[in-house]
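Along the sequence shown, residues carry numbers from 1.
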Amino acid sequence: MSVVLNAPWITRQTTELLTQRGHAWLLQGPSGLGQYELALALASAWLCEKPTEQGACGECPSCHAIAVRTHADLAVLMPETQMMELGWPLSEKAQAEIDDKKRKPSKEIRVEAMRDAVEFSQRTDARGRGKAVLVFPAERMNTVTANALLKTLEEPPGDVRFVLATEASHLLLPTIRSRCLAHTMKWPQADEAMTWLKAQGVPDAVAQALLRSAGGRPTDVLRQAESGLSPDWWAALPKAMLQGDARHLADLSPAQAIDALQKLCHDLVLRQAGADPRFFEVSQLPTSQASVTVLTDWFKRLMLSARSAEHPFNAGLMLEALTADAQQTLRTQG
Ligand SMILES: [Zn+2]
């Protein structure tokens with residue numbers, strides 16, 4: 001049984017990183033290339049009892065402990081929403097607070113969790129292979145949390161290693177970046193992504209269409225396929241926006257809707273420049289008269305909306321506002 005998604009491009013990078021020494025890695029690059037998977041592969045290999053050049057063996061007690069999310073020498077630091085999504089248990093205290101409805105799961109990495117991790121890194125390891133701290137997405141640390149980590153990164157207790165993964169390394173404290181060895185995520189080869197998605201149970205036709213909509217990023221495709229976004233839905237998106245049909249976005253979170261609209265905007269800009277679209281087929285795009293300036297302004301508004309998308313006042317209203325803005329933009333002449 002494998003403890004990580006054994007995608008070939010992830011394994012290649014695991015092998016590459018394992019040949020280098022370093023107690024702290026920063027994995028960076030665009031989303032959807034498997035940063036979390038690589039971070040977990042690396043941490044698993046560090047803690048594995050019989051690691052190979054390719055990484056963790058997947059069979060030993062350490063690998064099993066990671067597979068069931070109970071490894072005593074691995075601390076995982078993520079926003080609580082992300083931990084729940086990826087199946088990592090919260091601390092007892094945090095879980096009780098959420099169960100008792102005292103607060104909602106956090107979308108940032110909490111300073112309490114960081115304090116636990118700092119304490120963890122000072123303890124003796126339980127299994128004799130050292131310890132690992134995984135931070136993802138690292139840009140979800142606020143300044144207080146980041147500073148707490150920084151101290152540990154500057155004076156690491158002997159046997160602890162860190163792997164931070166981020167889709168936005170420019171948002172990290174420069175002092176954090178400078179304490180880590182940086183690795184930029186590599187893209188899979190064209191056929192690898194398809195083969196891998198097939199192995200994850202995504203049908204060929206769906207994989208092909210979604211790879212296009214996800215700009216070739218396979219783990220984004222997997223998440224899209226799992227959330228039920230079909231190729232037909234994607235193909236119909238531009239025209240639904242032209243018609244102002246907000247119901248088309250109903251199954252999306254505001255953040256997902258903004259991402260989809262940014263891709264639409266991106267492709268319309270490419271069309272204006274006479275280039276091939278990247279995320280949609282030409283036939284799926286409306287013949288919009290909107291100029292590059294109008295489209296660029298729309299893109300900027302979408303970026304602004306993305307900032308508040310995490311805490312929308314009302315998700316339904318936000319989707320309606322996004323649709324209305326999209327429709328107006330697409331209907332602008334010049
Ligand atoms: Zn193992």
| said: Working to the nearest 0.5 angstrom, can you tell me the gap between Arg21 CZ and Thr19 OG1? | reply: 10.5 Å

| query | How far apart are the closest heavy atoms of Ser305 and Leu322, and which atoms are they? | reply | OG-CD2, 4.2 Å

| query | Should the ring pair His248 and Trp233 be called parallel, tilted or perpendicular, given that the plane angle runs from 0 to 90° and is split at 30 and 60? | reply | parallel

| said: Just checking Glu53: does its CD atom have more than 12 heavy atoms from other residues, nucleotides or ligands closer to it than 6.0 angstrom? | reply: no

| remark: Rounded to the nearest 0.5 Å, the CG atom of Asp191 sits from the CH2 atom of Trp196 at a distance of 14.5 Å

| task | Would you please classify the geometry between the Tyr36 ring and the Phe136 ring as parallel, tilted or perpendicular, with 30° and 60° separating the classes? | result | tilted

| query | So, the side chain of Asp267 versus the backbone of Phe279: is there a donor-acceptor pair under 3.5 Å, distance only? | reply | yes

| query | Charged N to carboxylate O below 4.0 Å: is that the case for Glu16 and Arg12? | reply | no

| said: I'd like to know if the side chain of Trp46 and the backbone of Arg129 have a donor-acceptor N/O pair within less than 3.5 Å. | reply: no

| Val76 reachable from Leu149 in the ILVMFWY side-chain graph, under 4.5 Å edges | no

| request: Can you see which heavy atom on Ile10 is nearest to which on Leu33, and at what distance? | output: CD1-O, 3.7 Å

| said: Quick check: do Lys151 and Glu155 have side-chain heavy atoms less than 4.5 Å from each other? | reply: no

| What are the two closest heavy atoms between Gly215 and Arg278, and how far apart are they? | O-NH2, 3.5 Å

| request: Start with the C-alpha gap between Asp297 and Thr329, add the side-chain angles, then the distance that decides, and say whether side chain to side chain contact (heavy atoms under 4.5 Å, CB included) holds. | output: CA-CA 9 Å; Asp297 286 346; Thr329 305; over 6 Å; no

| field | Residue pair Met318, Ile258: steps toward the side chain to side chain contact (heavy atoms under 4.5 Å, CB included) verdict | value | CA-CA 10 Å; Met318 185 156 184; Ile258 289 166; 3.9 Å; yes

| message | Strictly distance-based, threshold 3.5 Å: is any side-chain N or O of Arg331 a donor or acceptor partner for the main-chain N or O of Leu242? | response | yes

| query | Counting distance only, does the side-chain N/O of Gln289 pair as donor-acceptor with the main-chain N or O of Gln333 below 3.5 Å? | reply | no

| Asn142, CG atom: more than 12 neighbouring heavy atoms under 6.0 Å | yes

| message | Can you tell whether the side chains of Lys263 and Asp259 come within less than 4.0 Å, N to carboxylate O? | response | yes

| Arg103 side chain to Glu97 main-chain N or O, any donor-acceptor pair under 3.5 Å? | no

| note | When every non-hydrogen atom of Pro277 is compared with those of Arg271, the smallest separation belongs to CD-CD, 3.7 Å

| Taking the side chain from Asp100 and the backbone from Lys102, do they hold a donor-acceptor pair closer than 3.5 Å? | no

| request: Report the residue from Leu181, Leu27, Val163 that forms a side-chain contact (heavy atoms from CB on, under 4.5 Å) with Leu17. | output: Leu27

| So if you build clusters from Ile, Leu, Val, Met, Phe, Trp, Tyr with side-chain heavy-atom gaps below 4.5 Å, do Trp187 and Met185 land together? | yes

| request: Please determine which of Arg177, Glu139, Arg140 meets the side chain to side chain donor-acceptor pair (under 3.5 Å) test together with Thr166. | output: Glu139

| request: Compare every heavy atom of Ala43 with every heavy atom of Leu74, then report the nearest pair and how far apart it is. | output: CD1-CB, 4.0 Å

| field | Under 3.5 Å: donor-acceptor pair, side chain of Arg127, backbone of His71 | value | no

| remark: Closest non-hydrogen contact found for Glu80 with Pro105 is OE1-CA, 3.4 Å

| query | So, the side chain of Ser62 versus the backbone of Glu49: is there a donor-acceptor pair under 3.5 Å, distance only? | reply | no

| field | Derivation of the side chain to side chain contact (heavy atoms under 4.5 Å, CB included) call for Leu210 and Leu222 | value | CA-CA 9 Å; Leu210 289 182; Leu222 188 61; over 6 Å; no

| message | Given 3.5 Å as the limit, does a donor-acceptor pair link the side chain of Gln284 with the main chain of Glu281, or not? | response | yes

| For Glu112, does the CD atom have more than 12 heavy-atom neighbours from other residues, nucleotides or ligands under 6.0 Å away? | yes

| Are the side chain of Trp298 and the backbone N or O of Leu261 linked by a donor-acceptor pair below 3.5 Å? | no

